[in-house]
Chemist: 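Got a structure for you, questions after.
Every chain is numbered from 1, with letters handed out A, B, ... down the list of sequences.
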2 protein chains.
Amino acid sequence: MPTDPNPRPEPNPRPRPGPPDDRTARARIRDAALAAFAEHGTRGATMRGIAEAAGVSVGLVQHHFGTKDGLRAACDEAVVDLFRRQVSAAGLGAELSGPGGLGALLAAGPAAARYLARAMADGSAAADGLLDELTDGAEDFLSATWPDRFPAGSARARDAAAALAAMHGGTLVLHAHLARRMGADPLDGTDPGRLGRAIIDVHRALGEFAASPTGAAIADSLGTGPDPGPDTDTAPAPKEPGRG
Amino acid sequence: MPTDPNPRPEPNPRPRPGPPDDRTARARIRDAALAAFAEHGTRGATMRGIAEAAGVSVGLVQHHFGTKDGLRAACDEAVVDLFRRQVSAAGLGAELSGPGGLGALLAAGPAAARYLARAMADGSAAADGLLDELTDGAEDFLSATWPDRFPAGSARARDAAAALAAMHGGTLVLHAHLARRMGADPLDGTDPGRLGRAIIDVHRALGEFAASPTGAAIADSLGTGPDPGPDTDTAPAPKEPGRG
DNA sequence: CTCCAGGCTATACAGGTGTATGGGAAACGG
DNA sequence: CCGTTTCCCATACACCTGTATAGCCTGGAG
């Protein structure tokens, strides 16, 4: 959470004229838009609804952000900014897409996470960029940890990295389903580690299953590619990654 | 010309008056709606666009499906039906949420899969129901395979099953991202096993990683020890009798 | 005081949306 | 021949959308 020691909404402090100052009503509008876009989608959210939620008129929204797409772009930028600050604050390096990258996304705040979830599903430049970064991080992680199984630049590493990012991002996008089944939305801030624990459980279990003869048979039935891979090494002793 | 066989595929053969007959223009409209909903979302798709894509007028769409929500419901039902038929045809039992369940979804056809992906993200009764079935299957699978780690009805099994379904469903929802990174959309029908292979690769790699000391440390940092055991559990997930 | 820049509001407008309505065409049944 | 049913179309309507425009209010500068 960014430091925001403002008990009052600060009616009209005449902000500096130059750069985007991001305080006062402008920030209120942006936050309201974030929530509205997250809840109703880019198309479902309305300018009037956002203005009402922010306690301002529709004209002011236009005055500050021009058009609806401009407002959307501002939300994108704000969320990406928040995420980057969170990542650098947590000291995460390239391996964003371990269980850690997801945690950083969640730690950026429920509103931002919800917005990102919608943006990923709807497809926005910001969400695509973030997803690409997660995927790049995952590919680096895979290639660095298992160079024989996922050679750098190989199609197998690329596919696995994309799938990994999609799977972890999918838990974000489908947070409503998780909330329905787990009893608590993983995006509401309480117990941020619960989803991570479940994901690790899944990977451990499914990893063992995939390594079993039954799993190998399933993999074979899918038309295994050129490299079936050694199934004997179970503990490759990966190099220490960053905060997970 | 009273006695005239069918020179055209659907000459309006006066179908049976009673039940939903699903032929002629009605099916065309439904298919066009499926594609439109999948591409533009429930809100973005328009009645006029669907009618034009189906080659009919807007009035006919209303005549057959009443309202837009009725059309949406019909699409839901059709997709769910298709999926069930595919599952039973493949002889899949409870383990819907292994790599098999996802494959059945994909095998139901690109249009249905795309529609389902959108429906999962937007949230519809059909998508929720299907996701619940996948989750139930995953929970059964986890509890049956690792009874000590995922006791039946435990919170840990429930969380892991929900996460597993969300992760696999997420690859469906984020298929555009996968297409961007893998170079081919996993929902376009060609090489249906490629995504499954990537998922298995991910589970194997991440499973090994989670079992490593580094992974265990990460799991510990998330709040719970390696074996929390069954904590507060609630009523087991509702199961549908009959259809397995 | 006046002046005036800028945050802020109210209203108007053009376009698109879902839906209701009235009517036309073809296949039976008489 | 007419009547009825069903499929199908063109149009109208009320509503909501994003956006443009004109004006009000505050507060500092001259």
Chemist: Measure CG/B/Leu71 against P/C/dT17 and give the value in whole Å, please.
Modeler: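 Taking atom P of C/dT17 as the reference, CG of B/Leu71 is at 15 Å.
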
Chemist: How many Å lie between CZ on A/Arg43 and C1' on C/dG15, as a whole number?
Modeler: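 About 13 Å, once rounded to whole Å.
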
Chemist: Please confirm whether A/Arg72 makes a cation-pi placement over A/Phe65, using NZ or CZ under 6.0 Å from the six-membered ring centre and within 45° of the ring normal.
Modeler: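 Pair A/Arg72/A/Phe65 does not count as cation-pi.
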
Chemist: May I ask you to say what A/Ala45 touches in the nucleic acid, namely base, sugar-phosphate or nothing, with a heavy-atom cut-off under 4.0 Å?
Modeler: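 Result for A/Ala45 = sugar-phosphate.
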
Chemist: Would the distance check show the side chain of B/Arg26 and the main-chain N or O of B/His64 forming a donor-acceptor pair, the cut-off being under 3.5 Å?
Modeler: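 Yes.
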
Chemist: Whole Å only: how far is the CE atom of B/Met47 from the P atom of D/dC9?
Modeler: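 B/Met47 atom CE is separated from D/dC9 atom P by 14 Å.
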
Chemist: Is the shortest distance from a Lys or Arg side-chain nitrogen in B/Asp185 or B/Arg114 to a carboxylate oxygen in the other one below 4.0 Å?
Modeler: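 Salt bridge between B/Asp185 and B/Arg114, a charged N being under 4.0 Å from a carboxylate O: yes.
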
Chemist: Tell me whether the OP1 or OP2 atom of D/dC8 has a side-chain N or O from B/His63 closer than 4.0 Å.
Modeler: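 Indeed not, no polar side-chain atom of B/His63 lies that close.
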
Chemist: Give the nucleotide from the list C/dG18, D/dT19, C/dT19 with an atom nearest to the side chain of B/Thr67.
Modeler: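 Shortest atom-to-atom distance from the side chain points to C/dT19.
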
Chemist: Heavy atoms under 4.0 Å, any strand shown: does B/Val56 hit a base, just sugar-phosphate, or nothing?
Modeler: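 The residue B/Val56 makes sugar-phosphate contact but no base contact.
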
Chemist: Ion pair present between B/Arg180 and A/Asp132, side-chain N to carboxylate O less than 4.0 angstrom?
Modeler: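 Judged by the 4.0 Å cut-off on N to carboxylate O distance, B/Arg180 and A/Asp132 do form a salt bridge.
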
Chemist: Within the pair B/His64 and D/dC8, is there a side-chain N or O less than 4.0 Å away from OP1 or OP2?
Modeler: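 Yes, because at least one side-chain N or O of B/His64 sits under 4.0 Å from OP1 or OP2 of D/dC8.
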
Chemist: Look at the side chain of B/Gln62 and decide which nucleotide, out of D/dG18, C/dT19, C/dT17, has an atom nearest to it.
Modeler: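 Minimum distance to the B/Gln62 side chain belongs to C/dT19.
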
Chemist: To the side chain of A/Thr46, which of C/dC8, D/dG18, C/dT17 is closest?
Modeler: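 The listed nucleotide nearest to A/Thr46's side chain is D/dG18.
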
Chemist: Could you state the atom-to-atom distance from CG of B/Asp69 to P of C/dT17 in whole Å?
Modeler: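 Spelled out: CG on B/Asp69 to P on C/dT17 is 17 Å.
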
Chemist: To the nearest Å, give me how far apart CZ (A/Phe65) and C1' (D/dA20) are.
Modeler: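 Rounded to the whole Å, the gap is 19 Å.
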
Chemist: Can you tell which of D/dT19, D/dC9, C/dT19 lies closest to the side chain of B/Ser57?
Modeler: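 Nearest listed nucleotide: D/dC9.
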
Chemist: Where the side chain of B/Leu60 is concerned, which of D/dC9, C/dT17, C/dA12 is the nearest nucleotide?
Modeler: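 Between D/dC9, C/dT17, C/dA12, the one nearest the side chain of B/Leu60 would be D/dC9.
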
Chemist: Can you figure out which of C/dC8, D/dG18, C/dT19 approaches the side chain of B/Val58 most closely?
Modeler: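 Of the candidates, C/dT19 comes closest.
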
Chemist: Could you give the CZ-to-P distance, from A/Arg26 to C/dG6, as a whole number of Å?
Modeler: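 Between P of C/dG6 and CZ of A/Arg26: 15 Å.
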
Chemist: With a 4.0 Å cut-off, would you call B/Asp159 and A/Arg197 a salt bridge?
Modeler: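 No, B/Asp159 and A/Arg197 are not salt-bridged.
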
Chemist: Measure CD1/A/Ile29 against P/D/dG18 and give the value in whole Å, please.
Modeler: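 Going from CD1 in A/Ile29 over to P in D/dG18 covers 14 Å.
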
Chemist: Once you round it to whole Å, what is the distance between C1' of C/dT9 and CZ of A/Arg48?
Modeler: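 Distance, rounded to whole Å: 13 Å.
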
